[in-house]
Each structure stands twice: as C-alpha cells, then as structure tokens.
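To keep things clear, I will list the structure first and then write my remarks on it.
Note: hydrogens, waters and symmetry copies are ignored here, and every other heavy atom, side chains too, is used.
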Amino acid sequence: MLDEFKKFALKGNVVDLAIGVIIGAAFGRIVDSLVNDIIMPFIGALGGVDFSNYFIGLNTAVTAPTLVEAKKQGAVLAYGNFITIAVNFIIIAFVLFLVVKAINKLQKKEEPKAPAAKPEDVVLLAEIRDLLKQRQV
C-alpha cells in the first residue's frame, strides 16, 4: 500500500497540482496587497470614503463611529466589509483576466500540421474501389 501511495504521490499531475496551488497562494497574496495597499486607497481618496467603516448597529447600544468600537458594543451589520471584498473580487478577477490574456499572447500558436499520409493499404483499397466503380458504368 505504501508503494502504491508513493507512485500516486509522485505522478507528474499531482506534483504539478501541488506546485500550482503553492504559486496560486503566493500570487493571491500579491494581488491582495495590490488591491488593499495600492488600489483601494485611491478609490477611498477619490470618493472620500472608507468602506470598512460602513455598518449598521443591530441594537440601540451600538453608538460608536468606527466598526472596531461598534463590534465591542454589540452586534453590527458590517456591509462596508462586504463592499470592500466585492470590489477586491472584481479587481482580482480583472487582473487575472489580464494575466491570462497576456499569457495567451505570449504562447506560440501552433501552425496547423499537414494531414498524415494515408497508409499504403488504404490508398490501394481506394484505387481498387475507384476501378470497380469505373467498370460498372
């Protein structure tokens, strides 16, 4: 059983998948940093808003102006975080679209290959068929 597992774990597809997951996680952190540290501050500066502090207190005890303090006072509906995450998703999806588009441009397009020559026996059978058709006419 150990040998069977070893063969499975060392197959090319499993190793490729593991490498893809690791690279994907690293790329995810890069994109998160791009969105949170570079793009979102510009969006906040343009609109003069900070999405993360948009919330609705779910009881009368919540009177704090910031989300962190409001959570200490009671239950809150933090819709600003949802807006931030939704905007992050849209930006990440767009960045990934651009990356895939760039990769597709960089890949060489394969030229269509000439059809493989027919085997000799198939060519001979086709000739025999054609000769038989000519005799019947």
Side-chain angles (χ1 to χ4, degrees):
M1 183 186 272
L2 186 60
D3 289 334
E4 190 176 351
F5 177 73
K6 186 177 176 182
K7 287 179 186 177
F8 168 76
L10 296 179
K11 279 186 182 178
N13 293 341
V14 175
V15 174
D16 291 345
L17 178 63
I19 291 170
V21 168
I22 292 168
I23 290 174
F27 184 72
R29 288 193 292 262
I30 290 171
V31 173
D32 282 344
S33 176
L34 172 72
V35 170
N36 293 330
D37 301 332
I38 296 174
I39 295 173
M40 288 306 287
F42 283 118
I43 292 174
L46 291 175
V49 295
D50 180 12
F51 294 122
S52 63
N53 280 321
Y54 283 17
F55 64 92
I56 297 172
L58 297 178
N59 60 34
T60 57
V62 179
T63 58
T66 64
L67 180 62
V68 174
E69 294 171 8
K71 283 184 177 182
K72 292 177 185 175
Q73 293 177 344
V76 293
L77 179 66
Y79 67 91
N81 282 339
F82 176 77
I83 292 172
T84 301
I85 290 170
V87 169
N88 288 355
F89 172 77
I90 292 169
I91 293 169
I92 289 169
F94 182 71
V95 168
L96 290 177
F97 167 75
L98 293 177
V99 168
V100 170
K101 190 173 179 178
I103 288 172
N104 287 341
K105 277 189 175 182
L106 291 176
Q107 288 179 343
K108 292 181 180 179
K109 294 184 179 180
E110 293 182 17
E111 296 180 17
K113 296 179 182 177
K118 292 182 180 178
E120 192 174 320
D121 57 343
V122 173
V123 172
L124 288 173
L125 287 171
E127 290 176 6
I128 293 170
R129 180 198 63 212
D130 293 342
L131 288 172
L132 288 173
K133 281 184 182 179
Q134 288 177 354
R135 280 189 178 174
Q136 290 177 354
V137 175

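- Within a 6.0 Å radius of CZ in Phe82, no more than 12 heavy atoms belonging to other residues, nucleotides or ligands are found.
- Under a hydrophobic-cluster definition in which Ile, Leu, Val, Met, Phe, Trp and Tyr are linked whenever side-chain heavy atoms come within less than 4.5 Å, directly or via other members, Phe27 and Ile38 are assigned to the same cluster.
- Each of Tyr79 and Ile90 belongs to its own hydrophobic cluster when Ile, Leu, Val, Met, Phe, Trp and Tyr are linked at side-chain heavy-atom distances under 4.5 angstrom.
- No side-chain heavy atom of Leu77 sits under 4.5 Å from any side-chain heavy atom of Phe55.
- Within a 6.0 Å sphere centred on CZ of Phe89, heavy atoms belonging to other residues, nucleotides or ligands number 12 at most.
- With sequence neighbours left out, the side chain to side chain contact (heavy atoms under 4.5 Å, CB included) criterion links Val100 to Asn104.
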Solution key, residues 63-76 side-chain donor-acceptor pairs under 3.5 Å, sequence neighbours excluded:
residue: Gln73; atom: OE1; partner: Thr63; partner atom: N; Å: 2.7
residue: Gln73; atom: OE1; partner: Ala64; partner atom: N; Å: 3.0

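- Glu120 contributes atom CD, which lies 11.0 Å from atom CG of Leu125 (distance to the nearest 0.5 angstrom).
- Leu98 belongs to a hydrophobic cluster whose remaining members, ordered by chain and number, are Phe94, Phe97; membership requires side-chain heavy atoms of ILVMFWY residues under 4.5 Å apart, directly or through intermediates.
- The NZ atom of Lys101 sits 13.5 Å away from the CD1 atom of Ile103 when rounded to the nearest 0.5 Å.
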